[in-house]
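Worksheet: the structure to be examined is printed underneath.
Just so it is clear, the model here is predicted, and its values are computed rather than measured.
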Amino acid sequence: MPHIIVEYAQNLAGERDIQTMCEAIFDEIATHPTFPDPTAIKVRALPYQHHVQALENDRFVHATIKLLPGRDEATKKELTGALHALLLKRLPEAASHSVDIEDLSSAYVKSAR
C-alpha cells in the first residue's frame, strides 16, 4: 500500500513523459517511512481527453493517494504536500494541481504474486 492514481489532461502528455513522472512519484513515496515495503506501492496515471474547467489553460493534474486506515492527519498532510510539490515541479505547465488522500475501506482485499 498505497495506491497513487494520477489523473491528468491528455494534452499534458505531449509535453511531458508521464511514465517518468510516475517513476518520480514512486521514488518519492518509497522513501517515506510510512511505507517500509516498496513492493506494495502502486502508481498509475489516467489521461482525460474530455474535461472542462473555467480556466484559459485547461491542463490539470490531480493525484489521489489511497491507503490503509491508521495514518494520522499530520502524516497525511505530509504525504499530500510532498506529492503536490512534486506535481508542481514535474508539470509546471498545468494550470491546476491538486492532491487528495483517502483511506481504503475495511472491505479492501488484494493478492500479489
Side-chain angles (χ1 to χ4, degrees):
M1 203 49 43
H3 293 274
I4 296 101
I5 299 126
V6 180
E7 301 167 275
Y8 63 94
Q10 187 171 339
N11 56 356
L12 278 174
E15 298 176 30
R16 295 288 175 174
D17 180 355
I18 301 301
Q19 180 63 36
T20 301
M21 183 193 65
C22 288
E23 292 166 6
I25 291 169
F26 180 92
D27 292 344
E28 176 76 24
I29 296 299
T31 64
H32 198 279
T34 299
F35 309 113
D37 180 9
T39 64
I41 300 168
K42 292 130 181 105
V43 179
R44 53 192 176 272
L46 302 166
Y48 285 88
Q49 181 178 1
H50 306 287
H51 50 88
V52 175
Q53 54 182 11
L55 297 171
E56 186 175 326
N57 173 357
D58 69 346
R59 293 174 289 187
F60 73 91
V61 60
H62 173 76
T64 303
I65 303 169
K66 296 184 176 200
L67 47 101
L68 293 172
R71 279 36 173 238
D72 60 32
E73 287 302 311
T75 300
K76 290 179 178 182
K77 286 181 181 182
E78 183 182 334
L79 288 166
T80 57
L83 185 49
H84 186 254
L86 189 145
L87 294 176
L88 284 166
K89 178 181 175 184
R90 289 281 181 166
L91 297 168
E93 63 279 6
S96 174
H97 302 78
S98 58
V99 179
D100 193 13
I101 194 164
E102 56 189 54
D103 290 338
L104 293 165
S105 78
S106 61
Y108 174 77
V109 295
K110 76 170 191 171
S111 63
R113 294 182 185 197

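Residues Y48 and V6 do not share a hydrophobic cluster, defined by chaining ILVMFWY side chains whose heavy atoms lie under 4.5 Å apart. With hydrophobic clusters built from ILVMFWY side chains whose heavy atoms lie under 4.5 angstrom apart, L79 shares a cluster with F26. Linking Ile, Leu, Val, Met, Phe, Trp and Tyr whenever their side-chain heavy atoms come within less than 4.5 Å leaves Y8 and I5 in two separate clusters.
The two atoms that bring L68 and R71 nearest to each other are O-NH1, 2.7 Å, heavy atoms only. Across E7 and F60, no two heavy atoms sit closer than the pair O-CE1, 3.8 Å. Between A45 and I18, the closest heavy-atom pair is CB-CG2, 3.6 Å. The nearest pair of heavy atoms linking I65 to P2 is CG2-CB, 4.1 Å. The minimum heavy-atom distance between A30 and I41, with the atom names listed, is CA-CD1, 3.6 Å.
Considering only heavy atoms from C-beta on, I29 stays 4.5 Å or farther from T34 through its side chain. At a threshold of 4.5 Å between non-hydrogen side-chain atoms, the residues D58 and N11 count as touching. With contacts defined as side-chain heavy-atom distances shorter than 4.5 Å, the pair T64/I101 does not qualify.
Annotation: side chain to side chain contact (heavy atoms under 4.5 Å, CB included) contacts of D27 (sequence neighbours excluded): none. Checked against salt bridge (charged side-chain N to carboxylate O under 4.0 Å, His left out), E78 has no partners two or more places apart in sequence or in another chain. K42 pairs by the side chain to side chain contact (heavy atoms under 4.5 Å, CB included) definition with H3, R44, K110, not counting sequence neighbours. Taking D100 as the reference, nothing meets the salt bridge (charged side-chain N to carboxylate O under 4.0 Å, His left out) condition, with sequence neighbours excluded. Legend: residues meeting side chain to side chain donor-acceptor pair (under 3.5 Å) with S105, ordered by chain and number and at least two apart, are absent.
Atom NZ of residue K76 and atom CD of residue E102 lie 9.5 Å apart, to the nearest 0.5 angstrom. Between the CZ atom of R90 and the CG atom of L12 there is a distance of 14.0 Å, given to the nearest 0.5 Å. Atom-to-atom distance recorded for L83:CG and I4:CD1 is 7.0 Å, nearest 0.5 angstrom.
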Evaluate side-chain contact (heavy atoms from CB on, under 4.5 Å) for D17 paired with E23, printing each intermediate quantity in order. CA-CA 10 Å; D17 180 355; E23 292 166 6; over 6 Å; no
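Under the 3.5 Å distance criterion, the side-chain polar atoms of H97 are matched with a main-chain donor or acceptor of L91.
Within the structure, ring pair (Phe, Tyr, Trp, His ring centres under 6.0 Å) contacts touching residues 62-94 (residues at least two apart or in different chains) do not occur.
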